[in-house]
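See structure below.
Note that the structure is a prediction, hence the values are computed from the model and not measured. Residue numbers start at 1 and run along the sequence shown.
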Amino acid sequence: MTLAKEKWFPLIVLVLGTLLVVALLYGKPKPEPRPAPDAMPPLVDVIALMPAARVIPLHTQGTVQPRREIDLVTQVAGQVQVVATDFAAGGFFAGDETLVQIDRADYEIELISAKAKVADARQILAMEEGRARQAKREWRELGDKEANALFLRSPQVASAQAKLLAAEGDERRAQLNLSRTKISAPYAGRIRETYVDVGQYVTPGTKIARVYATDKVEVRLPLTDRQLGLLHLPINYSDTHESTEQVSVILHGVFGGTAWQWPAQIVRTDASIDVQTRLMYAVAEVENPFARDETSSRPPLNIGQFVQAEIDSVLLPNVALVPRIALQVNNQVWLVDNKDIMSLMSVKVLQVDGTTAAIQADFPAESRLVVSPVTVAVDGIKVKTRQNALAEADL
């Protein structure tokens, strides 16, 4: 009997275990369906949009150049006798001031000789005119009404008159050559470089110095097509000249480790667009750049100096200053309305300067600008907003 129990005991345990497992599987309560929890709206940083009529500062740069610059050359030959005290690179000179004096002796002798020839020619003409009058009287006494031109000495008088004119022309040429021994510039200016000195022999066409005028200097400023659309620049047509107000410019430069400013005016534009860069160049002029400023210790604006230019645009409506990070691709921005619904809007980018951008559009009232990265970029999504005071303070 004991042996039979040991034989059936494992089978009984197996059956009881199976029944227990089945009871556990079919006897446990079924899960009840529950509604999914609402998804949390994404958090975005926003700032208030404050569009207004604004003047946008446009930035460009250029190099200071002379408005007028020429090479002074000799028109006569001779030895350089005297040069001006400031005849050196960087020296200033007044208009018509003699910079170089060439030896006058030969030209003074030529002038004396030319004057003597004029006197001889006048004497010969007076003699021929007297003989012509005498011939006319003799012809009238003969009673013949028709006189021969040769007998009346008309050709001789005409020849004497021509010789007098030639002699007077030689005299004027001698006077002109004598005056050309004094070499000067047609305007007040500054010497960039000299090529001769005292004792040097020069011939016609020899370069004396390179000089430029000091009444004005100019800076060629490259402008993009977008910047051109924000300015009223002087425009020339073939038949008329459009009358526009000159555009003011502030030039910024560094001299001696200190930043300085010079006022300027845009007076014209170049005749063509640069084919390499596709930029238009506007020319800004500075009046009296080398004159002392009585109100400050500002240095002169030197030729070759690199300057930054700041130009104010025309007054533009509906312009907002925003952080550059708010700009999306294709000139778009994310806006949030008063119901915290986010939408994508296309804008016109007027200027991007460092970390700030100037944009223009018909912004909806009470809209706010998203200034943080958008992870869920879905138009019309509801978001949770957080005011970014730091971004607003940087504008």
dist I124:CD1 -> K163:NZ (nearest 0.5 Å) comes out at 6.0 Å
Hey, is R54 close enough to D312 for a salt bridge, meaning N to O under 4.0 Å? no
Looking at every heavy atom in both Q200 and Y195, which two are closest together, and how far apart are they? OE1-O, 3.9 Å
Do V202 and V73 belong to the same hydrophobic cluster, where Ile, Leu, Val, Met, Phe, Trp and Tyr are linked whenever their side-chain heavy atoms lie under 4.5 Å apart, directly or via other members? no
Between F306 and V64, does a side-chain contact (heavy atoms from CB on, under 4.5 Å) hold up when you go through it step by step? CA-CA 7 Å; F306 180 79; V64 180; over 6 Å; no
Does the side chain of L335 come within less than 4.5 Å of L369's, by heavy atoms? yes
Side chain to side chain contact (heavy atoms under 4.5 Å, CB included) with L165: which residues, sequence neighbours excluded? E168
Can you tell me how far the CE atom of M345 sits from the CG atom of D379, to the nearest 0.5 Å? 12.0 Å
List for me each residue that meets side chain to side chain contact (heavy atoms under 4.5 Å, CB included) alongside A167, sequence neighbours excluded, and say none if there are none. K117, V118, A121
If you measure from CD1 on I273 to CG on L279, what distance do you get to the nearest 0.5 Å? 9.0 Å
Which pair of heavy atoms, one from V247 and one from H232, lies closest together, and at what distance? CG2-O, 3.2 Å
Between R173 and E110, is there a side-chain heavy-atom distance shorter than 4.5 Å? no
Are the side chain of Q227 and the backbone N or O of T224 linked by a donor-acceptor pair below 3.5 Å? yes
Looking at N302 and Q305, would you say the former's side chain and the latter's main chain have a donor-acceptor pair under 3.5 Å? no
Is the number of heavy atoms from other residues, nucleotides or ligands within 6.0 Å of CZ (R298) greater than 12? yes
Might you work through the side-chain contact (heavy atoms from CB on, under 4.5 Å) test for L223 and I311, ending with a clear yes or no? CA-CA 11 Å; L223 297 172; I311 313 170; 4.2 Å; yes
Counting only heavy atoms from other residues, nucleotides and ligands, does the tally under 6.0 Å from NZ of K207 exceed 12? no
Side chain to side chain, T194 and F87, heavy atoms closer than 4.5 Å: yes
Answer yes if the side chains of D293 and S296 hold a donor-acceptor pair under 3.5 Å, and no otherwise. yes
Would you kindly confirm whether I303 and Y187 end up in one hydrophobic cluster when ILVMFWY residues are joined by side chain heavy atoms under 4.5 Å apart? no
Side chain to side chain, M342 and V370, heavy atoms closer than 4.5 Å: yes
Measure the shortest side-chain to side-chain distance between P317 and Q360 over non-hydrogen atoms and say whether it is less than 4.5 angstrom. yes
Q61 (side chain) donor-acceptor with A309 (main chain) under 3.5 angstrom: no
Can you tell me how far the CD1 atom of I102 sits from the CD1 atom of I183, to the nearest 0.5 Å? 4.0 Å
Might you work through the salt bridge (Lys or Arg N to Asp or Glu O under 4.0 Å) test for R133 and E128, ending with a clear yes or no? CA-CA 9 Å; R133 288 192 295 269; E128 291 298 337; over 6 Å; no
Are side-chain heavy atoms of R220 and Q65 found at a separation under 4.5 Å? yes
Under a 3.5 Å distance rule, please check whether S184 uses its side chain to pair with a backbone N or O of T98 as donor and acceptor. no
Are V44 and I381 in one and the same hydrophobic cluster, where Ile, Leu, Val, Met, Phe, Trp and Tyr link if side-chain heavy atoms are under 4.5 Å apart? yes
Apply the test side-chain hydrogen bond (donor to acceptor under 3.5 Å, both in side chains) to residues D362 and N318: give CA-CA distance (whole Å), side-chain angles for both, the deciding distance (0.1 Å), then the verdict. CA-CA 7 Å; D362 292 329; N318 298 326; 3.3 Å; yes
Given E108, Q101, Q75, the one that forms side chain to side chain donor-acceptor pair (under 3.5 Å) with T181: Q101
Treating Ile, Leu, Val, Met, Phe, Trp and Tyr as nodes and any side-chain heavy-atom pair under 4.5 angstrom as an edge, say whether V254 and L251 lie in one connected cluster. no
Roughly how far, to the nearest 0.5 Å, is CG of D45 from CZ of R386? 4.0 Å
Side-chain donor or acceptor of W262 paired with backbone N/O of W260 under 3.5 Å: no
Heavy-atom nearest pair, K382 first then P41, reads O-CB, 3.5 Å
List the steps and the verdict of side-chain contact (heavy atoms from CB on, under 4.5 Å) for V319 and L350. CA-CA 9 Å; V319 177; L350 302 177; 3.7 Å; yes
Backbone of A94 reached by a side-chain donor or acceptor of E97 within 3.5 Å: yes
Main-chain N/O of A357 paired to R324 side chain as donor or acceptor, under 3.5 Å: no
Is the backbone N or O of D340 less than 3.5 Å from a side-chain atom of D337, with the two atoms forming a donor-acceptor pair by type? yes
Please check if the side chain of N330 supplies one atom and the backbone of Q332 the other of a donor-acceptor pair under 3.5 Å. no
With heavy-atom distances below 4.5 Å as the criterion, would you say the side chains of L230 and L58 are in contact? yes
Sub-4.5 Å side-chain heavy-atom contact between K216 and P289: no
A358 and L321 have their tightest heavy-atom pair at CB-CD2, 3.8 Å
Show the numbers, then the answer: is there a side-chain contact (heavy atoms from CB on, under 4.5 Å) between L43 and V383? CA-CA 6 Å; L43 177 65; V383 295; over 6 Å; no
Given the rule in the salt bridge (Lys or Arg N to Asp or Glu O under 4.0 Å) test, do E193 and R210 qualify, once you have shown the distances and angles that lead to the verdict? CA-CA 5 Å; E193 190 174 0; R210 187 164 186 81; over 6 Å; no
Residue pairs fulfilling side-chain hydrogen bond (donor to acceptor under 3.5 Å, both in side chains) with at least one residue in residues 77-89, sequence neighbours excluded: Q81-D103
Run through V219, V249, L221 and flag the one making a side-chain contact (heavy atoms from CB on, under 4.5 Å) with T60. L221
Side-chain (S367) to main-chain (V336) donor-acceptor, under 3.5 angstrom: no
For the atom pair CG (L111) and CZ (R172), what is the distance rounded to the nearest 0.5 Å? 12.5 Å
Co-membership, hydrophobic cluster, residues V371 and V322, 4.5 Å side-chain: yes
How about F92 and F290: are their ring centroids closer than 6.0 Å? yes
